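First the structure, in the form of structure tokens, and then the observations on it.
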Amino acid sequence: MKENIIPHNYQVSKSDRQENNNHKSFLLWFTGLSGSGKSTIANVVEQELYKLGVKTYTLDGDNIRKGINKDLTFAPEDRTENIRRIAEIANLMIDSGLVVLAAFVSPYKKDRENIKNIVKGVNFVEVFINTSVEECERRDVKGLYKKARAGEIKNMTGISAPYEAPENPDIEIKTEEKTVEEAVQYILSYIKPKLNL
């Protein structure tokens, strides 16, 4: 079947779209435990980029798991497929000229490496939101840790499923040491040169 897929040669390119947007496009991938602060920080980063006139879109569990990936569970193989699909969506959005922010636990190193391969390393910024499981459990914003401890949630990362922390992330934020505002400024200072504003 694949031999019948012939790409159409469209005349508007990624670089044309980037030029039209007045900035480069890439993926900011936020990884960390549930409750670490990924979505909170990504949300404020996006607000700051919006103020700068940067065209953005945020992908997270709510807009992905309720739609395109609603057929997937939290079993390891489905987590891998979940991340693969998100990477492919992000890749299309990068091609469209957007800065994509993605906030996902993404617990497996091999899956994060796969994201990097799909979008190309030059388009990938890994942001490790490094928060201890104890602090995430203390926050327990969505009540997931309580349910996991009660045995109501299987495959809960940090409790009954592993989290493989990034070894060399582009950015590491220790939320027990930095405020959200400090984290956002740190991330912005890293990505502004990449935007080529």
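These numbers were taken from a predicted model, which means no experiment stands behind them.
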query = Quick one: does L27's side chain get under 4.5 Å of I115's, heavy atoms only?
reply = yes

key: More than 12 heavy atoms of other groups within 6.0 Å of I89 CD1   = yes

task = Please list all pairs passing the ring-ring contact (aromatic ring centres under 6.0 Å, His included) test where one or both residues lie in residues 42-89, with sequence neighbours left out.
result = none

Side-chain donor or acceptor of D78 paired with backbone N/O of L72 under 3.5 Å = no

query = Are D60 and K66 ion-paired here, with the side-chain N under 4.0 Å from a carboxylate O?
reply = no

inquiry  = Would a single hydrophobic cluster contain both L49 and V180, if residues Ile, Leu, Val, Met, Phe, Trp and Tyr are joined by side-chain heavy-atom contacts under 4.5 Å?
reply    = yes

inquiry  = Tell me whether the count of non-hydrogen atoms from other residues, nucleotides or ligands lying under 6.0 Å of NZ in K70 goes above 12.
reply    = no

ask   = Does a sphere of radius 6.0 Å around CD in E19 hold more than 12 heavy atoms from other residues, nucleotides or ligands, not counting ones at 6.0 Å or beyond?
value = no

message = Could you check whether R138 pairs with E134 (Lys NZ or Arg NE/NH1/NH2 to Asp/Glu carboxylate O, under 4.0 Å)?
response = no

ask   = F124, L92: one ILVMFWY side-chain cluster at the under-4.5 Å cut-off?
value = no

query = To the nearest 0.5 Å, how far apart are NZ in K24 and CD1 in I191?
reply = 15.0 Å

Test side chain to side chain donor-acceptor pair (under 3.5 Å) applied to E176 and S132, step by step = CA-CA 8 Å; E176 289 151 277; S132 68; 3.1 Å; yes

query = How long is the span from the CD atom in E135 to the CG atom in N130, to the nearest 0.5 Å?
reply = 11.5 Å

remark   = Taking every heavy atom of S25 against every heavy atom of G97, the minimum-distance pair comes out as CB-C, 3.4 Å

task = Salt-bridge test for K110 and E164: reply yes if a basic N is under 4.0 Å from a carboxylate O, no otherwise.
result = no

query = Would you say N123's side chain and I94's backbone share a donor-acceptor pair under 3.5 angstrom?
reply = no

task = Could you grab the distance from atom CG of N43 to atom OG1 of T58, nearest 0.5 Å is fine?
result = 7.0 Å

Closest approach of V184 to I41 (non-hydrogen atoms, all atoms of both residues) = CG2-O, 4.0 Å

message = Using every non-hydrogen atom in the two residues, find where N155 and A75 come nearest and quote the distance to one decimal.
response = ND2-CA, 3.9 Å

note = Taking every heavy atom of S34 against every heavy atom of C136, the minimum-distance pair comes out as O-CB, 3.4 Å

message = Other residues, nucleotides and ligands only: do more than 12 of their heavy atoms fall within 6.0 Å of NZ on K142?
response = no

request  = Answer yes if the side chains of K55 and S96 hold a donor-acceptor pair under 3.5 Å, and no otherwise.
outcome  = no

inquiry  = Apply side chain to side chain donor-acceptor pair (under 3.5 Å) to residues R79 and S106 and explain how you reach the verdict.
reply    = CA-CA 8 Å; R79 282 180 180 263; S106 46; over 6 Å; no

task = Look up atom OG1 in T73 and atom NZ in K154, then write down how far apart they are to the nearest 0.5 Å.
result = 13.0 Å

request  = Tell me yes or no: between the side chains of T31 and E126, is some donor less than 3.5 Å from an acceptor?
outcome  = no

key: Spatial distance of atom CD (E113) from atom CD1 (I118) [nearest 0.5 Å]   = 11.5 Å

request  = Enter the distance from R84:CZ to N117:CG here, rounded to the nearest 0.5 Å.
outcome  = 13.5 Å

ask   = Can you check whether V45's main-chain N or O pairs, donor with acceptor, with E48's side chain at less than 3.5 Å?
value = no

request  = Find out whether L195 and V99 are in side-chain contact, i.e. whether some heavy atom of one side chain is under 4.5 Å from a heavy atom of the other.
outcome  = yes

inquiry  = Any non-hydrogen side-chain atom of I86 less than 4.5 Å from a side-chain atom of W29?
reply    = yes

request  = State, with a plain yes or no, whether a side-chain heavy atom of N114 is found less than 4.5 Å away from one of Y108.
outcome  = no

query = Do V127 and L52 share a hydrophobic cluster (ILVMFWY, side-chain heavy atoms under 4.5 Å, transitive)?
reply = yes

key: Pair L98-T56, side-chain contact (heavy atoms from CB on, under 4.5 Å): steps then yes or no   = CA-CA 5 Å; L98 298 179; T56 61; over 6 Å; no

inquiry  = Is a donor from one side chain sitting under 3.5 angstrom from an acceptor on the other, for S13 and D16?
reply    = yes

query = Are K109 and E167 ion-paired here, with the side-chain N under 4.0 Å from a carboxylate O?
reply = yes

query = Is there a donor-acceptor contact under 3.5 Å from the side chain of N63 to the main chain of G67?
reply = no

message = Check this for me: does any side-chain nitrogen of one of D95 and R17 sit under 4.0 Å from a carboxylate oxygen of the other?
response = yes

key: Side-chain ion pair, R85 and E88, N-O less than 4.0 Å   = no

request  = Starting from the C-alpha separation in whole Å, work towards a yes-or-no answer on salt bridge (Lys or Arg N to Asp or Glu O under 4.0 Å) for E137 and R149.
outcome  = CA-CA 10 Å; E137 195 163 0; R149 293 285 184 204; 2.8 Å; yes

task = Apply side-chain contact (heavy atoms from CB on, under 4.5 Å) to L101 and L59, showing your working.
result = CA-CA 6 Å; L101 299 92; L59 298 169; over 6 Å; no

message = With side-chain contact (heavy atoms from CB on, under 4.5 Å) as the criterion, how do I129 and T175 come out once you've worked through the C-alpha distance, each side chain's angles and the decisive distance to 0.1 Å?
response = CA-CA 7 Å; I129 306 300; T175 67; 3.5 Å; yes

key: K38 charged N/C atom sitting above F104 aromatic ring, 6.0 Å / 45°   = no

key: For the student: nearest non-hydrogen atoms of L33 and V105, plus distance   = C-CG2, 4.3 Å

query = Do S36 and R139 meet the criterion of a side-chain donor-acceptor pair at a distance under 3.5 Å?
reply = no

note = In short, V125 meets F26 closest at the heavy-atom pair CG2-CD1, 4.2 Å

ask   = Aromatic rings F128 and Y163: how do their planes relate, parallel, tilted or perpendicular, breaks at 30° and 60°?
value = parallel

task = Tell me, with the steps shown, if I64 and N82 meet side-chain contact (heavy atoms from CB on, under 4.5 Å).
result = CA-CA 9 Å; I64 292 292; N82 180 53; 3.8 Å; yes

ask   = Do the side-chain N and O atoms of T80 and D111 include a donor-acceptor pair separated by under 3.5 angstrom?
value = yes

